[in-house]
Visitor: 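Have a look at this one.
Here is how names work: the chains are called A, B, and so on, in the same order as the sequence lines, proteins then strands, and each is numbered from 1.
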Amino acid sequence: MTLTINRAALTTDTFRSAALGPLDSIAHPLAPDNYSGEVWLGDKMVGTFTIDAAEGGSGEQVDIDLSEIADGSAKQVTHFSLGLIEQTTAFVVFHCGGDASGFHVLLRSRSGLEPYDTRRMQLGDYYITTPIKPGRYAMKANGDNQDESGVLLVDQAQPTDAPHPSANGAMIVVKGGFEPAEVHIASGDGAVFQIAAADTDIELTLAPTDQNRESRRPIHIRYPGRRP
Amino acid sequence: MADVELALSEEVANRLFQQLRDKFSASHSDSGRFGSFTAAYSVGAKLKNGRIEFQSNGTVLIKELDIVYDPLKLTIGIDIPSVTIGGFCIIPGPFGCFLRAPRKTFFGGNPDVSLPIDLSGIVTTEISGSCNAQFRHLVNPGAGGLTPWQAHAAGKSNEWQLFMDPGYIDIDLIDIADSVGNLVDKLIDAFVNKLLGFLPGWARDLVSKILGSLSDLIRTILDIGDDIQEWLSNLLGVSLGLFDFIVQMVLEYFANKTPLFAFTDPYPLLPAEQGPTPSLPLVAVLMPVLTPSVSINDNELAISASFGSL
């Protein structure tokens, strides 16, 4: 009996759009053009790819698994085609199918548009997370100095007799802050951030639970000869 | 007119039958794929109970002979569906979904996971059938080139063997112990606990939410309805063909492999003896037995034969 368990998913308690991992991804709309991309893991470039985005397609998104490009196991995935419906954009979705975290992507267009960096999401992007560890996640945007600009509350999933596939639990608009600022979803459902301002990055951090906090009981020391 | 007649009472024939029955043993293993699960078994079969009755129509009736399946190990392989998160639609479009979240596998089985079920001694089938008693002549291959007396001395004489050749046969599944329902239920529950036990509680709940009740899912995959005994009977008997196969082995055993009764041909009327001097022994008196026949009535099985000459 061999079981596959995504251990990274079990332990993920921080989500950073600037460092993609197993449970988050970024959807970015592309206009017709030819693009070349670089996949970075931390400060090391680990792979490249190209995308031909041209009109005359179905507008279906293209998913790019950054971990496959990074470990060289990708089959014919270094080149992607994106067929756009006329005069629209279509999405390329950067995600990580493996255990590693810390990916970002740089995308340059042949026509010389300003390079796109997933660490600074743009208007029209979506940051998609599927937290599974229940608890209270502090939401911060653009590295603000506050402890949190919003709260994402992930409830423990309720076992049911009938199967319930993962659903889109909440859509949150990000424009400086978060709208709504407090969101409830169930473990395994998605929290999707719609980026409505340029150069946005998002961070979600799970607050330690009371059970996980270190005990801070006062220490009583008894000195010989003194009454307690 | 036969030279010799030998009659066996039903009681004596039953003692011979019991010896024959107790010598039987068979083992077999097989497997199959049925939709989304596999099943494999290894079985050993023994015979118990049963008796024979002489019939006025000249046949022998084997009554209520039990086939006990012990050991009987059934192993069921199940593909546990992957638990995936994501995959939900973010921007619906006129012809489907314009933007969808990527799917991530959280938990899955690869390859099949196994559910072993020990059914040893729990399942019993019963056969009854009418048999024709037939003599067949066995030419002993070890006797080639030997005189009848040399073959007799070497224990390699030919034989006349009386077999019971089944005509019609009834097979009944007489028993799958009632406890098998609880047994399978408990095994499935224990299996699910083992499968998910190492996960933290919230992760187990997540698996249960996405797949639904895993115990129910396994029952659905296996197509277990309300009656586990009926399901098991169909799986072993119909899908895997276990009962038919073992019954064929039993029939083959009675019809061709092991005779109820046998005697050597030529038959020693007088054994070899010491002669007047060691160099002149008295050889055995051997008489060839010519085409023995069997007749059966309510009371006895009579064998008649004529002797030939060497």
Side-chain angles (χ1 to χ4, degrees), chain A residues 1-11 21-25 27 29 58-61 63-65 85 88-91 93-98 126 128-135 154-169 171 186-192 194, chain B residues 75-116 191-192 194-217 219-220:
Chain A
M1 180 170 89
T2 307
L3 287 174
T4 53
I5 178 83
N6 190 333
R7 294 192 180 281
L10 267 180
T11 54
L23 293 179
D24 53 359
S25 50
S58 62
E60 195 174 329
Q61 72 190 58
D63 292 349
I64 297 183
D65 186 340
I85 299 170
T88 63
T89 57
F91 285 94
V93 180
F94 300 111
H95 71 101
C96 168
Y126 289 86
I128 306 155
T129 63
T130 44
I132 62 168
K133 213 167 174 179
V154 178
D155 298 330
Q156 188 162 336
Q158 296 299 313
T160 54
D161 286 341
H164 282 87
S166 180
N168 186 1
M171 184 73 85
S187 164
D189 285 348
V192 179
Q194 183 181 355
Chain B
T75 304
I76 291 175
I78 306 164
D79 280 324
I80 296 296
S82 292
V83 178
T84 56
I85 51 180
F88 49 83
C89 186
I90 298 168
I91 305 175
F95 306 108
C97 188
F98 195 57
L99 175 61
R100 189 178 289 283
R103 286 180 195 279
K104 307 289 175 82
T105 298
F106 165 59
F107 177 85
N110 182 26
D112 291 349
V113 289
S114 298
L115 176 64
F191 174 72
V192 170
K194 187 178 164 192
L195 200 64
L196 304 182
F198 68 98
L199 294 173
W202 57 264
R204 286 200 298 272
D205 286 346
L206 176 58
V207 171
S208 299
K209 177 193 167 192
I210 291 176
L211 290 183
S213 159
L214 204 49
S215 297
D216 288 349
L217 178 70
R219 285 179 177 80
T220 304

Visitor: List for me each residue that meets side chain to side chain donor-acceptor pair (under 3.5 Å) alongside A:T160, sequence neighbours excluded, and say none if there are none.
Guide: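 Checked A:T160 against side chain to side chain donor-acceptor pair (under 3.5 Å); matches are A:H164.
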
Visitor: Using a 4.5 angstrom heavy-atom cutoff, name the option from A:T129, A:I132, A:L23 with the most pairs to chain B.
Guide: A:I132

Visitor: Go through the atoms of A:S25 and report whether side chain, backbone, both or neither lie under 4.5 Å from a heavy atom of chain B.
Guide: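 For A:S25, the contact with chain B is made by the side chain alone.
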
Visitor: Could you tell me whether the side chain of A:Q156 and the main chain of B:D205 form a donor-acceptor pair under 3.5 Å?
Guide: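 Such a contact is absent between A:Q156 side chain and B:D205 backbone.
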
Visitor: With a cut-off of 6.0 Å (strictly less than), are more than 12 heavy atoms of other residues, nucleotides or ligands near CD of A:Q61?
Guide: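 Enclosed: over 12 neighbouring heavy atoms sit under 6.0 Å from CD of A:Q61.
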
Visitor: Only pairs of heavy atoms separated by less than 4.5 Å count here; which of A:A9, A:A167, A:P29 has the most with chain B?
Guide: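 If we count pairs closer than 4.5 Å to chain B, A:A167 comes out on top.
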
Visitor: For a quick test of reading the model, state the closest non-hydrogen atom pair linking A:S187 to B:K209 and the distance between them.
Guide: O-NZ, 3.9 Å

Visitor: Under a 3.5 Å distance rule, please check whether A:S166 uses its side chain to pair with a backbone N or O of B:I85 as donor and acceptor.
Guide: no

Visitor: Report which part of B:R204 has an atom under 4.5 Å of a heavy atom belonging to chain A: side chain, backbone, both, or neither.
Guide: neither

Visitor: Please check if the side chain of B:K104 supplies one atom and the backbone of A:P22 the other of a donor-acceptor pair under 3.5 Å.
Guide: yes

Visitor: Side chain, backbone, both or neither: which part of B:S215 has a non-hydrogen atom closer than 4.5 Å to chain A?
Guide: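 Neither part.
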
Visitor: Before giving the answer on side-chain contact (heavy atoms from CB on, under 4.5 Å), spell out for A:I128 and B:F88 the whole-Å C-alpha distance, their side-chain angles and the decisive distance to 0.1 Å.
Guide: CA-CA 11 Å; A:I128 306 155; B:F88 49 83; 4.2 Å; yes

Visitor: Where does B:C89 contact chain A at under 4.5 Å (heavy atoms): side chain, backbone, both or neither?
Guide: backbone

Visitor: If you count heavy-atom pairs under 4.5 Å with chain A, which of B:L217, B:L199, B:I91, B:D216 comes out on top?
Guide: B:I91

Visitor: Do you know which of A:D63, A:T130, A:I85 has the most heavy-atom pairs with chain B at a distance under 4.5 angstrom?
Guide: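 The answer is A:T130.
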
Visitor: Let's test your reading of the structure: which of A:M171, A:Q158, A:Q194, A:K133 forms the most heavy-atom pairs below 4.5 Å with chain B?
Guide: A:K133

Visitor: With only heavy atoms counted, which part of A:D24 is less than 4.5 Å from chain B, the side chain, the backbone, both or neither?
Guide: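 Backbone only.
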
Visitor: Can you tell which part of A:L10 gets under 4.5 Å to a heavy atom of chain B, answering side chain, backbone, both or neither?
Guide: both

Visitor: Work out which heavy atom in A:V93 is nearest to a heavy atom in B:L99; give both atom names and the distance.
Guide: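 Between these two residues, the closest heavy atoms are CG2-CD1, 3.7 Å.
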
Visitor: Is it the backbone or the side chain of B:L211 that comes under 4.5 Å from a heavy atom of chain A, or both, or neither?
Guide: backbone

